[in-house]
Amino acid sequence: MFDLAFVWATLIAVAVLAYVLLDGFDLGIGILFPLWGDDDEQTLAMSSIAPVWDGNQTWLVLGGGGLLAVFPLAYAIILPALYAPIFGMLLALVLRGVAFEFRGRTERRYLWNASFFVGSLVAALCQGITLGALLQGIPVEGRAYAGGWWDWLTPFSVVTGLALAAGYSMLGATWLVLKTTGALQARARRYARIAGAATLVLIGVFSLWTPLLQPEYMQRWFSWPAMLYVAPVPVLVLLCGAGLFTSLARGRELAPFLYAQGLFVLCYIGLGISFWPYIVPPSVSIREAAAPDSSLAFILVGALILLPLILGYTTYSYWVFRGKVRPGEGYH
Amino acid sequence: MDGLTALDLARLQFTFTVSFHIVFPAFSIGLASYLAVLEGLWLYTGRDVFMQAFRFWVKIFAVAFGMGVVSGVVMSYQFGTNWSVFSDRAGPVIGPLMGYEVLTAFFLEAGFLGVMLFGMNRVGRGLHFLATLLVAFGTLLSAFWILSVNSWMQTPAGYAMNEAGQYVPADWWQVIFNPSFPYRLVHMTLAAYLTTSFAVGAVGARHLLRDSSDPVARVMFSMAMWMAIAVAPLQVVVGDLHGLNTVEHQPAKIAAMEGHYETRAGAPLHLIGWPDSDAAETRYAISIPKAGSLILQHDPDARVLGLDNWPREDWPNVPLVFWSFRLMVGIGLAMVTIGVWSFVQRLRGRLYDARGLQRAAVWMGPSGFVAVLAGWIVTEVGRQPYTLYGLLRTADSASPVDTPAVGASLVAFIVIYTLVFGIGIYYALRLMGQTPAAVPVPDTEAGEAPGLGFTGIGRHSSQRQGVRGGRPLPQRPAAPTGGGRSDPERRRREEP
Ligand code: HDD
Ligand code: HEM
Ligand code: HEM
């Protein structure tokens, strides 16, 4: 059956995944920013993402704007429920976003080094907390959020926050392995290992904790025969983790980045399994939240034409800046 | 927070954040087009001045654009955090329009911005120019969609209501091209161009006052003054048409703009005065009899609706609308004056030495930003007490969020925005203070100071920069000051 609501749920999910995979590595570079070495090396790290970060972040705008367009009810429930972490994230993105342009405009670079680091870290933590709070479940009455304004803060959501920050750091470090040479690359390799290990541990904690949150999740993951279908996910996570470490040890440049991205894709699939078929678990299903078909169809036409174009020119702009980042090319 | 409700705080927060946001797009829409024109002229004529002006402004553009992006991302989530009822009920109509904005405009801008700022050496001139054009086109597309959204909130059309109480699209064409949209789109686009022209003109004028032979400052000033004479009068006409359209669709807003409390024939035009809503009259008014009817209905004896036509709770904040409107129109008329004055000086061949004009132009530098903000206040405050005009009240639009949460976020916004954007504006102003003619020409290595955003061209110039505009380059020494050619011969030829 061709159901617009589910087509759109898939598209929004893909947009959010694209966001995590793309902005993930540039946030990661910010999270590890104080560790990249001297001023030149920090500049190089920042230059490697300066031409692409804005495009990466646009996927977040698509995720949010898309949610408003096709699941307005979910948008109207989730955002007030997660008021504090959402604004935390937005303000953090302000702080880090301006650092790209401002850092080169002043002798007091430490100001914008700090805002880049703090902004990236807080944005990652808030995004993780948002995810954790969503998984925990959001109480709804009628068509509105019915909880308090601190409900999002729990030990579980803190763990998801930390897990995402560690995962982004891993992505950022492997990106720099790919884009740099010499001492900076060696440093990136070392941090990729540390961040990778932390990520795997936190994924483990997260995976064992999630089923305890709601009986539905438990059923999904630990009942027979459902277990059989979902079992490949954790197995592949372990294989990807192994691939990450061996490829780092062998001095490979592209493979660690791909393995790190693979880890994210797998975790994301796991999340999808837990969420299904809700958009605001456990209160609102995908279908309940959907806008009327006339809205869904109108924007779907555009999305089907424009998304391939967007992927095309985004690939082009990555291709223009392919290879090792050259000193003096970006900001100083 | 005593006295202030969550609703008041949410309104304050929206006003604060959107007012910061709009300042940057108004500048980046105009600058992106200006940069495309400069680069096109450079490619076409091969004259260095155009590339120097490009490199001067592209750094400022990058700063403004960066601030526009981060403040815009905040806006797109704020509908949900603070106006969730509005989002739920209007989402099926405005959501897809904003979705189209992301898909057509934001990705385009972001995708090619990197190439525009950093890619000159990597892609060559033709493709670089294409990237600049696409960024400029993206900013205009973005204005198209978001203004369609805003206009639909002012003059809703083409919708129906479903069982859940949501407004749903019935006819997309009517939704997008709702009655006030064409006027708002043209008026806002011209506003962005005028804002940029007066900012560029002020920078040009300031440097001419210091050194009237600076060839780059001359180009800036001259181009800006052409815009002033061409676009400012046009904007007055468009603004008038916009107002006539509003008479038809939002007469209460017009009554507030004009300070008309009483419905009457042969209504006066209040030039200035103090609208007092409690007394339902405009005090201390200096008025032209019958001119109000003449302007609004093009007939001196026509009947004009006053605010007495609507219950008191449906009135907007009249003095705010009244005075913001006068501020905008006053600036518009001042812009026309500058345009005419510069045209006269140009005809007399004294454009670059007219110190009075140049001083006035420096003063007018920020005027476009002020007019844009004033215009939006007229539009948005004049729409109150509704978010969807006539359909959904602002008081019924807000999220169920606790007052302390909104208060805390408002304080955080005020602190961070003031600091970050304050510093950003300071950096932009400092960049505007650099001597334009000292911007290195494309083929010199010297003068490429670290700290410049647009470093692509100077740095690796030996690789590709042998030919400009298809013609071989003359050899020239690196000139850290004075830019390209500073001989008087050349200078005379730069005068349009
Ligand atoms: C008339 C023009 C105009 C108006 C009224 C608005 N904007 Fe804006 N906006 C732009 C013109 C623009 C722009 C010129 O396209 C910007 C400025 C810098 C940029 O990157 O694009 C932009 C950036 C921008 C971004 C960042 C895009 C990115 O990541 O690249 C977002 C999410 C929004 N805006 C959203 C909004 C919302 C929700 C608004 C309504 C309150 C709004 N804008 C009003
Ligand atoms: C960018 C230029 C804009 C400016 C300067 C601006 C300004 C304002 C101001 C001053 C208010 C507060 C009015 C009041 O509470 O008295 C307001 C309210 C509002 N505006 Fe705009 N606005 C702009 C664009 C937009 C756009 C493009 C949209 C829609 C997409 C929009 C949607 C709203 C909404 C939803 C409110 C509700 C809050 C309220 O009514 O107080 N605005 N705006
Ligand atoms: C003297 C000439 C002008 C007239 C008669 C005029 C008229 C108007 C009117 C009637 C509105 C409100 C429309 C509505 O909400 O229904 C408006 C809004 C606005 N004006 Fe003007 N205006 C003039 C000059 C300017 C100038 C010089 C600028 C900026 C450089 C400007 C920028 C704006 C903006 C940004 C808005 C809000 C968006 C919109 O509704 O279009 N205006 N103007």
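Each chain gets a letter, A, B and so on, in the order the sequences are listed, and its residues count up from 1.
- There is no contact between A:Ile77 and chain B, counting heavy-atom distances below 4.5 Å.
- For the set B:Ala164, B:Ala412, B:Ala90, B:Gly165, the count of heavy-atom pairs under 4.5 angstrom toward chain A peaks at B:Ala164.
- Proximity to chain B is absent for every atom of A:Trp150, based on heavy atoms less than 4.5 angstrom apart.
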Do B:Phe106 and A:Leu62 pass the side-chain contact (heavy atoms from CB on, under 4.5 Å) test, and can you show the C-alpha distance, the side-chain angles, and the key distance before you say yes or no?
CA-CA 9 Å; B:Phe106 291 157; A:Leu62 181 61; over 6 Å; no

Verdict with reasoning, A:Leu79 to B:Phe79, per side-chain contact (heavy atoms from CB on, under 4.5 Å)
CA-CA 9 Å; A:Leu79 295 190; B:Phe79 288 110; over 6 Å; no

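- Taking OH of B:Tyr77 as the reference point, atom CG of A:Leu82 lies at 11.5 Å (rounded to 0.5 Å).
- The two residues B:Leu103 and A:Gly302 have their closest heavy-atom pair at CD1-C, 4.4 Å.
- Heavy-atom minimum distance, B:Asp88 versus A:Pro72: O-CB, 4.0 Å.
- Of the atoms belonging to B:Ala131, not a single heavy atom falls under 4.5 Å from chain A.
- Ranked by heavy-atom pairs under 4.5 Å with chain B, the list A:Ile86, A:Val52, A:Leu60 is led by A:Leu60.
- Of the two parts of B:Leu134, neither the backbone nor the side chain holds a non-hydrogen atom closer than 4.5 Å to a non-hydrogen atom of chain A.
- Of the residues considered (B:Pro96, B:Ser87, B:Gly114, B:Gly111), B:Pro96 shows the highest number of contacts with chain A, using heavy-atom pairs under 4.5 Å.
- With a 6.0 Å radius and a threshold of 12 heavy atoms from other residues, nucleotides or ligands, A:Tyr318 has its OH atom above the threshold.
- Residues A:Ser294 and B:Trp172 share a closest heavy-atom pair of O-NE1, 3.4 Å.
- Atom OG in B:Ser84 sits 10.0 Å away from atom CG in A:Leu73 (nearest 0.5 Å).
- Of the atoms belonging to A:Ala81, not a single heavy atom falls under 4.5 Å from chain B.
- Of the listed residues B:Leu108, B:Val93, B:Val168, the one with more heavy-atom pairs under 4.5 angstrom with chain A than any other is B:Leu108.
- At a 4.5 Å heavy-atom cutoff, the contact between B:Leu113 and chain A is made by side-chain atoms alone.
- Highest contact tally toward chain B, considering only A:Tyr313, A:Phe87, A:Phe298, is held by A:Phe298 [criterion: heavy-atom pairs under 4.5 Å].
- Nearest heavy-atom pair across B:Val69 and A:Gln57 is CG1-NE2, 4.2 Å.
- Between the side chain of B:Arg430 and the main chain of A:Arg105, a donor-acceptor pair closer than 3.5 Å is present.
- Highest contact tally toward chain B, considering only A:Tyr145, A:Trp53, A:Phe71, A:Trp112, is held by A:Trp112 [criterion: heavy-atom pairs under 4.5 Å].
- Atom CD1 of A:Ile310 and atom OG1 of B:Thr104 lie 8.5 Å apart (nearest 0.5 Å).
- Among the candidates A:Val94, A:Val70, A:Leu95, the residue making the largest number of heavy-atom pairs closer than 4.5 Å to chain B is A:Val94.
- Between chain B and the options A:Ala291, A:Ser115, A:Ala290, A:Pro80, heavy-atom pairs under 4.5 Å are most frequent for A:Pro80.
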Could you walk me through whether A:Leu306 and B:Phe107 pass the side-chain contact (heavy atoms from CB on, under 4.5 Å) test, one step at a time?
CA-CA 10 Å; A:Leu306 292 162; B:Phe107 275 111; over 6 Å; no

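- For B:Ser409 and A:Tyr83, the side-chain atoms include at least one donor-acceptor pair closer than 3.5 Å.
- Side-chain contact between B:Leu117 and A:Glu101: present, with at least one pair of heavy atoms (C-beta onward) separated by less than 4.5 Å.
- Here the closest non-hydrogen pair linking A:Thr58 and B:Ala110 is OG1-CB, 3.6 Å.
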Are A:Tyr75 and B:Thr81 close enough, and set up right, to give a side-chain contact (heavy atoms from CB on, under 4.5 Å), and what steps lead you there?
CA-CA 9 Å; A:Tyr75 181 86; B:Thr81 48; over 6 Å; no

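- With a 4.5 angstrom heavy-atom cutoff, B:Tyr100 touches chain A via backbone and side-chain atoms both.
- Distance CZ/A:Phe102 to CE/B:Met67: 4.5 Å, rounded to 0.5 Å.
- A heavy-atom distance below 4.5 Å is found between the side chains of B:Gln166 and A:Arg143.
- More than 12 heavy atoms of other residues, nucleotides or ligands sit less than 6.0 Å from atom OH of A:Tyr316.
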